[in-house]
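Worth saying up front: this structure is predicted, and the values here are computed from it rather than measured. Convention: sequence-line order gives letters A, B, ...; per-chain numbering from 1.
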There are 2 protein chains.
Amino acid sequence: MTPPREHGAATAHVADRVREAIIRGAYPPGTRIRQEELAEETGASRVPVREALRVLEAEGLVTLVANTGAWVSSLSLGECQEIYRVRERVEPLLLRMSGPGLSGPVLDELEALAERMSASDDPEAFLELDRAFHLLTYTGTSTVVLTDLVHRLWNRTQAYRRVYTRLMDDRARRTVHDEHRLIVGALRDHDIDAAESLLAGHIRRTRRQLASHPEVFAAPEEG
Amino acid sequence: MTPPREHGAATAHVADRVREAIIRGAYPPGTRIRQEELAEETGASRVPVREALRVLEAEGLVTLVANTGAWVSSLSLGECQEIYRVRERVEPLLLRMSGPGLSGPVLDELEALAERMSASDDPEAFLELDRAFHLLTYTGTSTVVLTDLVHRLWNRTQAYRRVYTRLMDDRARRTVHDEHRLIVGALRDHDIDAAESLLAGHIRRTRRQLASHPEVFAAPEEG
DNA sequence: GCTGTTGCGATTGGATGCAATGCCCGGTAC
DNA sequence: GTACCGGGCATTGCATCCAATCGCAACAGC
């Protein structure tokens with residue numbers, strides 16, 4: 001039943017699994033993570049589990065307290081705004097580097113994603129397609145530092161986007177779809193300046209909307 | 001001789017020590033890091049050493065290869081340029097948030113640092129004072145995400161700044177000093193827009209100068 | 001002389017066991 | 001009733017031990 005994994009991959013396996021679970025929403029912010037549990041679930045011992053937790057801590061996804069335990073990181077509204085402000089500055093740069101490298105088929109796929117998004121009204125689908133859309137716009141470059149940074153920023157805020165998504169009204173959704181279509185259009189036109197500034201505005205607007213919903217950051221009741 | 005450290009701090013202790021050594025230049029890029037050696041040096045066992053290496057890997061300071069070993073990370077010219085481009089966008093933002101929080105005494109200290117820098121002509125002193133200067137300009141805010149990001153970007157590029165510093169001629173140094181003084185001036189005037197754009201130009205110029213010295217990124221001979 | 005191979009030593013990866021710490025709960029004093 | 005204290009248990013932190021892997025060097029074949 002347990003496929004024999006290769007030697008030297010246990011830590012990465014555990015980290016990948018937990019990261020994925022956090023992003024997927026299976027482990028919401030504040031969730032306690034117990035080493036032994038994780039070890040059992042992943043079929044590893046506690047040593048690679050602990051290394052994985054250190055990795056996730058450095059990524060900002062997990063918070064470790066010495067001699068006490070590990071929890072899925074929570075963000076305050078302020079910290080989340082900080083991340084969005086960084087994204088406002090950094091993602092347009094990444095888009096600038098990526099845009100010229102996006103092939104026709106990828107642009108078609110972006111358009112399709114934007115279309116599917118506006119067709120569906122399931123918040124979880126919105127969340128997933130939105131993420132897929134933006135991250136796909138960043139696949140036109142092989143820059144590693146910048147791409148990695150942006151992925152991390154997305155990961156850290158994913159849980160809060162998930163909650164916020166459920167609060168969006170039709171008008172807010174419409175605006176997002178419009179912006180997405182405009183961004184694809186600018187990319188098609190090779191108007192990278194326009195794409196960059198559209199994206200900056202897109203993120204900035206989202207940040208401000210998020211700021212008007214502080215209830216997103218209320219710590220959920222223990223249950 | 002070995003002061004009894006508190007329980008639960010071994011990993012952090014090892015990580016701090018290695019990070020400091022990398023920044024100080026004691027471990028240049030490409031240096032092999034052996035677990036047992038480190039364990040002996042720090043008085044810990046290999047378990048916390050391995051956790052520390054994972055942390056440093058996530059910070060980009062160390063490169064781990066499974067079943068093979070750990071090395072101090074090297075940057076290509078391209079990767080370094082990437083980091084500088086990120087810094088160009090992100091540090092002005094941090095300065096914007098920090099500037100209003102800088103007290104009079106801190107501004108005086110910044111001026112003193114800039115002065116000491118232009119007085120000395122030792123490259124190592126230049127390096128250290130430059131770092132101290134910029135990081136001090138970021139102490140006026142309690143933002144944690146952004147501050148941490150900027151520190152990491154500085155850490156990853158420190159080794160290359162060290163090499164480049166030795167290649168700078170008088171004109172290049174003069175320019176740096178002038179820019180530093182202008183930045184302090186703008187901060188004193190509470191002209192945050194000016195400070196931001198001066199800083200962006202400062203980083204951008206450095207990036208371009210660095211790009212014209214690709215020899216900085218040549219892998220040193222094995223020794 | 002050069003190339004491919006095989007075995008050994010060095011090093012890393014992971015599991016287990018024990019020590020240290022913190023938390024929770026019951027008890028007690030006020 | 002509340003606040004403080006102490007002990008047991010759950011959990012984490014770390015050291016030791018063993019297995020897996022890699023690199024290198026000696027050797028055999030051509």
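D:dA15 atom C1' lies 16 Å from atom CG of B:Leu38, rounded to whole Å. Here the C1' atom of nucleotide D:dC24 and the CZ atom of B:Arg32 are 13 Å apart, to the nearest Å. Atom C1' of nucleotide C:dT11 and atom CD of B:Glu40 are separated by 15 Å, given to the nearest angstrom. Rounded to a whole Å, the CD atom of B:Glu36 is 10 Å from the P atom of D:dT16.
The cationic group of A:Arg161 does not satisfy the cation-pi geometry with A:Tyr164, failing either the under 6.0 Å distance to the six-membered ring centre or the 45° limit from the ring axis.
Using a 4.5 Å cut-off on side-chain heavy atoms (C-beta onward), B:Phe133 and B:Val184 make contact. Side-chain contact between B:Arg205 and B:Val176 is present, with at least one heavy-atom pair separated by less than 4.5 Å. The shortest side-chain heavy-atom distance between B:Gln81 and B:Leu77 falls under the 4.5 Å cut-off.
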Checklist line | Summary of protein contacts for nucleotides 13-22 of chain C, nucleotide by nucleotide, where a base hit scores B, a sugar-phosphate-only hit scores S (4.0 Å, heavy atoms) | finding: BBBBB--SSS
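When heavy atoms are screened at a 4.0 angstrom cut-off, B:Ile33 is found touching the sugar-phosphate backbone but no base atom.
Shortest non-hydrogen contact noted between A:Gly99 and A:Ile192 is CA-CD1, 4.0 Å.
Below 30°, between 30° and 60°, or above 60°: for B:His180 and B:His134 the angle between ring planes is above 60°, a perpendicular geometry.
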